[in-house]
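One structure is given below, encoded as structure tokens.
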Amino acid sequence: MPLNRWFSLATLVSACAFMATPASAQITVDAPVVGRPSAIINLATDEGVKLVKGQWRYSDTKIVEVDHHGPGADLRPSGPLNRANDLVPHAGPVDFDDSK
């Protein structure tokens with residue numbers, strides 16, 4: 001069999017094998033679910049937001065440069081000082097103060 005036909009056959013077989021393999025997605029669970037939930041609230045509706053006494057807010061965001069430490073030997077931010085980007089303001093509850 002000529003080399004180019006062998007290569008074409010090998011490519012076709014590889015492609016078919018790849019397509020036949022079922023794709024699996026990573027599944028993460030925030031908390032274990034035992035039984036049915038007590039309530040489901042749709043926060044995309046006015047009624048759902050009122051149920052939790054919530055309020056949707058919007059704020060323009062700015063990207064600012066901040067001092068940051070790179071990873072150190074302990075794999076924590078204990079290495080040399082460098083610059084990084086941060087978003088301002090930070091999201092949080094009404095009384096949240098991130099100036100501390």
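Values in this document were obtained by computation on a predicted structure and should not be read as measured data. Quick note: residue numbers are just sequence positions, from 1.
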Exercise. Should we count CZ of R83 as having more than 12 external heavy atoms under 6.0 Å?
Worked result: yes

For this session: Start with the C-alpha distance between I63 and L87, add both sets of side-chain angles, then the distance that settles side chain to side chain contact (heavy atoms under 4.5 Å, CB included), and finish with yes or no.
Result: CA-CA 5 Å; I63 299 174; L87 300 175; 3.7 Å; yes

Problem set entry | Pairwise distance NZ(K62) to CG(D86) - rounded to 0.5 angstrom | 13.5 Å

Exercise. Considering the options L43, T45, L51, V49, which one meets the side chain to side chain contact (heavy atoms under 4.5 Å, CB included) requirement together with E47?
Worked result: T45

Exercise. Any donor and acceptor pair, going by atom type alone, linking the side chain of W56 with main-chain N or O of A44 inside 3.5 Å?
Worked result: no

For this session: Please go through L81's hydrophobic cluster and name the other residues, only I, L, V, M, F, W, Y counting, with side-chain heavy atoms under 4.5 Å joining them.
Result: none

Exercise. Of all heavy-atom pairs between G72 and S78, which one has the smallest distance, and what is that distance?
Worked result: CA-OG, 3.7 Å

Exercise. Looking at residues at least two apart in the chain, or sitting in another chain, which of them share a salt bridge (Lys or Arg N to Asp or Glu O under 4.0 Å) with D46?
Worked result: none

Exercise. Between the main-chain N or O of G79 and the side-chain N or O of H69, is there a donor-acceptor pair closer than 3.5 Å?
Worked result: yes

For this session: Might you work through the side chain to side chain contact (heavy atoms under 4.5 Å, CB included) test for V52 and I41, ending with a clear yes or no?
Result: CA-CA 8 Å; V52 296; I41 300 173; 3.7 Å; yes

